[in-house]
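In what follows, a structure is listed as C-alpha coordinates, so that the remarks can point back to it.
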Amino acid sequence: MLEQAREIVERGKRRAEELGVSVSIAVVDDGGHLVAVERMDGAGFVTAEIAWGKAWTSVAFGVPSGGMADPMGSAPAFSAAVSAATHGRFTPRQGALPLPGGGAVGASGATSEQDEDIARAGIG
(Lines give C-alpha, C1' and ligand atoms only; values in the text may rest on other atoms or scores of the structure.)
Protein backbone atom coordinates (compact mmCIF):
# COMPACT_ATOMS: atom_id res chain seq x y z
CA MET A 1 0.00 0.00 0.00
CA LEU A 2 2.92 2.37 0.60
CA GLU A 3 3.87 2.57 -3.08
CA GLN A 4 0.23 3.13 -4.05
CA ALA A 5 -0.04 5.85 -1.38
CA ARG A 6 3.07 7.59 -2.72
CA GLU A 7 1.60 7.57 -6.24
CA ILE A 8 -1.70 8.96 -4.95
CA VAL A 9 0.13 11.78 -3.16
CA GLU A 10 2.17 12.62 -6.26
CA ARG A 11 -0.91 12.76 -8.52
CA GLY A 12 -2.68 14.91 -5.94
CA LYS A 13 0.27 17.28 -5.70
CA ARG A 14 0.33 17.70 -9.48
CA ARG A 15 -3.36 18.68 -9.42
CA ALA A 16 -2.77 21.11 -6.55
CA GLU A 17 0.03 22.73 -8.52
CA GLU A 18 -2.29 23.05 -11.55
CA LEU A 19 -4.81 24.78 -9.30
CA GLY A 20 -2.12 27.01 -7.80
CA VAL A 21 -2.75 25.90 -4.21
CA SER A 22 -0.63 24.37 -1.46
CA VAL A 23 -2.21 21.52 0.47
CA SER A 24 -1.51 18.49 2.56
CA ILE A 25 -2.51 15.08 1.22
CA ALA A 26 -3.02 12.04 3.45
CA VAL A 27 -3.63 8.41 2.56
CA VAL A 28 -5.01 5.93 5.10
CA ASP A 29 -5.50 2.17 4.95
CA ASP A 30 -8.84 0.45 5.48
CA GLY A 31 -8.45 0.78 9.26
CA GLY A 32 -7.86 4.53 9.09
CA HIS A 33 -4.16 4.19 9.87
CA LEU A 34 -1.94 6.77 8.22
CA VAL A 35 0.13 5.32 5.36
CA ALA A 36 1.47 8.54 3.84
CA VAL A 37 1.09 12.26 4.37
CA GLU A 38 2.80 15.14 2.66
CA ARG A 39 2.49 18.87 3.30
CA MET A 40 3.40 21.03 0.34
CA ASP A 41 5.52 24.12 0.85
CA GLY A 42 3.20 26.95 1.83
CA ALA A 43 0.46 24.75 3.27
CA GLY A 44 -0.49 25.50 6.86
CA PHE A 45 0.92 23.16 9.49
CA VAL A 46 -2.52 22.02 10.65
CA THR A 47 -3.55 20.94 7.14
CA ALA A 48 -1.74 17.60 7.50
CA GLU A 49 -3.89 16.70 10.51
CA ILE A 50 -7.07 17.84 8.79
CA ALA A 51 -6.28 15.86 5.63
CA TRP A 52 -5.75 12.78 7.80
CA GLY A 53 -9.02 13.44 9.62
CA LYS A 54 -10.95 13.77 6.37
CA ALA A 55 -9.40 10.54 5.01
CA TRP A 56 -10.14 8.76 8.31
CA THR A 57 -13.77 9.92 8.18
CA SER A 58 -14.14 8.75 4.59
CA VAL A 59 -12.82 5.26 5.27
CA ALA A 60 -14.66 4.93 8.60
CA PHE A 61 -18.04 5.59 7.03
CA GLY A 62 -17.29 4.33 3.51
CA VAL A 63 -18.37 7.57 1.84
CA PRO A 64 -16.77 10.83 0.72
CA SER A 65 -16.04 12.82 3.87
CA GLY A 66 -18.31 15.63 2.69
CA GLY A 67 -21.22 13.19 2.75
CA MET A 68 -21.09 13.27 6.54
CA ALA A 69 -21.45 17.06 6.80
CA ASP A 70 -25.23 17.35 6.32
CA PRO A 71 -26.25 14.50 8.64
CA MET A 72 -23.90 15.75 11.34
CA GLY A 73 -24.89 19.38 10.86
CA SER A 74 -28.41 18.51 11.92
CA ALA A 75 -27.13 16.62 14.97
CA PRO A 76 -24.33 18.73 16.50
CA ALA A 77 -24.38 16.91 19.84
CA PHE A 78 -23.98 13.56 18.11
CA SER A 79 -21.21 14.96 15.91
CA ALA A 80 -19.37 16.19 19.00
CA ALA A 81 -19.80 12.77 20.64
CA VAL A 82 -18.40 11.01 17.57
CA SER A 83 -15.48 13.44 17.51
CA ALA A 84 -14.77 12.78 21.20
CA ALA A 85 -15.08 9.00 20.75
CA THR A 86 -12.58 9.10 17.87
CA HIS A 87 -10.10 11.31 19.73
CA GLY A 88 -10.83 14.19 17.37
CA ARG A 89 -10.11 12.25 14.17
CA PHE A 90 -13.71 12.58 12.89
CA THR A 91 -13.73 15.40 10.29
CA PRO A 92 -17.05 15.65 8.42
CA ARG A 93 -15.89 18.11 5.77
CA GLN A 94 -15.55 17.76 1.99
CA GLY A 95 -12.09 16.79 0.77
CA ALA A 96 -11.62 13.02 1.07
CA LEU A 97 -12.70 10.03 -0.98
CA PRO A 98 -12.61 6.28 -0.42
CA LEU A 99 -10.06 4.34 -2.48
CA PRO A 100 -11.45 1.59 -4.73
CA GLY A 101 -9.35 -1.16 -3.09
CA GLY A 102 -9.80 0.07 0.48
CA GLY A 103 -8.51 3.05 2.40
CA ALA A 104 -9.05 6.70 1.55
CA VAL A 105 -7.26 9.86 0.45
CA GLY A 106 -7.87 13.30 1.90
CA ALA A 107 -6.61 16.77 1.16
CA SER A 108 -6.70 20.04 3.09
CA GLY A 109 -5.50 23.57 2.53
CA ALA A 110 -7.59 24.87 -0.36
CA THR A 111 -11.36 25.26 -0.69
CA SER A 112 -13.35 22.15 0.16
CA GLU A 113 -14.20 21.66 -3.52
CA GLN A 114 -10.55 21.97 -4.53
CA ASP A 115 -9.52 19.57 -1.76
CA GLU A 116 -11.92 16.96 -3.11
CA ASP A 117 -10.74 17.61 -6.68
CA ILE A 118 -7.16 17.01 -5.52
CA ALA A 119 -8.18 13.80 -3.73
CA ARG A 120 -9.99 12.63 -6.88
CA ALA A 121 -6.90 13.37 -9.00
CA GLY A 122 -4.85 11.34 -6.52
CA ILE A 123 -7.03 8.33 -7.13
CA GLY A 124 -6.42 8.74 -10.86
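All values below were derived from every heavy atom in this structure, side-chain atoms included, with hydrogens, water molecules and symmetry-related copies excluded. Note that this is a predicted model, so its numbers are computed, not measured.
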Using residues 101-114 as the side-chain source, report each donor-acceptor pair under 3.5 Å to any protein atom, sequence neighbours left out, with the distance given to one decimal.
| unit_1 | atom_1 | unit_2 | atom_2 | d |
| --- | --- | --- | --- | --- |
| T111 | OG1 | Q114 | N | 3.0 |
| T111 | OG1 | Q114 | OE1 | 3.2 |
| S112 | OG | R93 | NE | 3.2 |
| S112 | OG | R93 | NH2 | 3.4 |
| Q114 | OE1 | T111 | N | 3.1 |

When every non-hydrogen atom of V28 is compared with those of W56, the smallest separation belongs to CG2-N, 4.3 Å
Does a side-chain heavy-atom distance below 4.5 Å link P100 with I123? yes
Those residues at least two apart in sequence (or on a different chain) that pass side-chain contact (heavy atoms from CB on, under 4.5 Å) with A48 are S24, V37
Note to self: Quick one: does any side-chain atom of S22 pair with a main-chain N or O of D41 as donor and acceptor, under 3.5 Å?
What the structure shows: yes
Shortest non-hydrogen pair, G95 vs S65, comes out as N-OG, 3.4 Å
Residue set satisfying salt bridge (Lys or Arg N to Asp or Glu O under 4.0 Å) with E10, at least two apart, ordered chain then number -> K13
Across all chains, not counting sequence neighbours, the side-chain contact (heavy atoms from CB on, under 4.5 Å) partners of R11 are E7, I8, R14
Closest non-hydrogen atoms of P64 and P98, given as atom of the first, atom of the second and distance, are N-CD, 3.9 Å
* Asked: Do Q94 and D115 touch side chain to side chain, with heavy atoms closer than 4.5 Å?
  -> no
query: Any chain of hydrophobic side-chain contacts (each under 4.5 Å) joining V63 to L97?
result: no
(message) Between E38 and I25, is there a side-chain heavy-atom distance shorter than 4.5 Å?
(response) no
Contacts of D117 meeting salt bridge (Lys or Arg N to Asp or Glu O under 4.0 Å) (sequence neighbours excluded), chain-then-number -> R15
Heavy atoms of A16 and V23 approach each other most closely as CB-CG2, 4.0 Å
Practice task
Check the pair E49, R89 against side chain to side chain contact (heavy atoms under 4.5 Å, CB included), reporting the backbone distance first and the verdict last.
Solution key: CA-CA 8 Å; E49 291 292 329; R89 190 60 54 210; 3.4 Å; yes
Here the pair of heavy atoms bringing V59 nearest to D29 is CG2-O, 3.7 Å
CH2 (W52) and NE2 (H33) are apart, to the nearest 0.5 Å, by 9.0 Å
(request) May I ask whether I50 and F90 are part of the same hydrophobic cluster, defined by side-chain heavy atoms of I, L, V, M, F, W, Y residues being less than 4.5 angstrom apart, directly or through others? (result) no
* Answer with yes or no whether the hydrophobic clustering places F45 together with M40; edges join I, L, V, M, F, W, Y residues whose side-chain heavy atoms lie under 4.5 Å apart. => no
Across all chains, not counting sequence neighbours, the side-chain contact (heavy atoms from CB on, under 4.5 Å) partners of A5 are V27, V35, A36
When every non-hydrogen atom of T47 is compared with those of G44, the smallest separation belongs to OG1-O, 2.6 Å
query = Within the side chain of T57, is there an N or O that forms a donor-acceptor pair under 3.5 Å with the backbone of G53?
reply = yes
Hydrophobic cluster identity match, F78 and F61, side-chain contacts under 4.5 Å: yes
